[in-house]
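These numbers come from the heavy atoms of this one structure, side chains and all, not from hydrogens, waters or symmetry mates.
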Amino acid sequence: MKSNILATTAVLILMAAAFLFGSAGESFAQGTPTPQALGEKLVAGIKAKDRNALTALINPEVVAYMKKNDEAKLEETLQNWLNADVPQDHEFVVHSVKDIPDYNAASKTLTFGAVTMYFPVAPTDFLILVGEVEATVKEDGKDVVKKGKAPITIDAVMQDKGNWYVVLPVITKNQQPAQPQPRAQPQQ
């Protein structure tokens, strides 16, 4: 009798889990009224190692675009999230893309050095996960462990229909750094 109750309970739990995980991909991003709420869902997905929950936090148009045009980048991002180590004392900082001089709103591109990234959906902000980290640095020829707050992840985000989503970039090209041009010699 006791084993029947346990078996029935186990089946009910499995059915509930299947129902919840089946709908999680559609509903995980629901109820994200702020970028920080999106960030907390991202942290929850990372800690749970839940690939479907993390995918649900990416703008659906971006997921479709990435699956068609750059599925490797989508997989790389998910894997980076799954491997991220989130400290307990984390916090989120939000920076508007308007404050980033290398972002071109007209072309939805961001240029960092030799890399240009295209965003299939225009981001409005960058969500930066910050936490306490340790780093070993050389001071006077000795290894010294320093602690401080540093970025753990930086994700482009945007709001759509009241919910915040991550927007992944596609690296469009590697540019060669501008070569110095020879100066014209003054004519005498």
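Looking at residues two or more places apart in sequence or on another chain, you find a side chain to side chain contact (heavy atoms under 4.5 Å, CB included) between P151 and I128, I154. With sequence neighbours excluded, the residues that form a side chain to side chain contact (heavy atoms under 4.5 Å, CB included) with V97 are Y103, P123, F126.
When all heavy atoms of V167 and V121 are compared, the closest pair comes out as CG1-O, 2.8 Å. Shown here for S107 and Y118, the closest heavy-atom pair between the two residues is O-CD1, 3.7 Å. Contact record, E61 with N59: N-OD1, 2.8 Å, taken as the closest heavy-atom pair.
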Would you mind writing out the side-chain donor-acceptor pairs for residues 69-79 within the sub-3.5 Å range, not counting sequence neighbours?
unit_1: N69; atom_1: ND2; unit_2: Y65; atom_2: O; d: 3.1
unit_1: D70; atom_1: OD1; unit_2: K73; atom_2: N; d: 3.3
unit_1: E75; atom_1: OE1; unit_2: R51; atom_2: NH2; d: 2.4
unit_1: T77; atom_1: OG1; unit_2: K73; atom_2: O; d: 3.0

Hey, can you pull the donor-acceptor pairs under 3.5 Å for the side chains in residues 84-95, sequence neighbours left out?
unit_1: H90; atom_1: ND1; unit_2: P87; atom_2: O; d: 3.0
unit_1: H90; atom_1: NE2; unit_2: E40; atom_2: OE1; d: 3.2
unit_1: H90; atom_1: NE2; unit_2: E40; atom_2: OE2; d: 3.3
unit_1: E91; atom_1: OE1; unit_2: K149; atom_2: NZ; d: 2.8

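Counting only distance, with no hydrogens or angles, the side chain of D140 and the backbone of K142 share no donor-acceptor pair below 3.5 Å. No donor-acceptor distance shorter than 3.5 angstrom exists from the side chain of W164 to the backbone of A37, with no hydrogens or angles considered. Checking side-chain atoms of K108 against main-chain N and O of P120 turns up a donor-acceptor pair under 3.5 Å.
To the nearest 0.5 Å, atoms CD1 (I100) and OG1 (T111) are separated by 12.5 Å.
For residues 123-139, every residue pair satisfying the side-chain hydrogen bond (donor to acceptor under 3.5 Å, both in side chains) rule, not counting sequence neighbours, is listed here: K138-D143, E139-K146. Within the structure, the salt bridge (Lys or Arg N to Asp or Glu O under 4.0 Å) test picks out no pair touching residues 153-166 (sequence neighbours left out).
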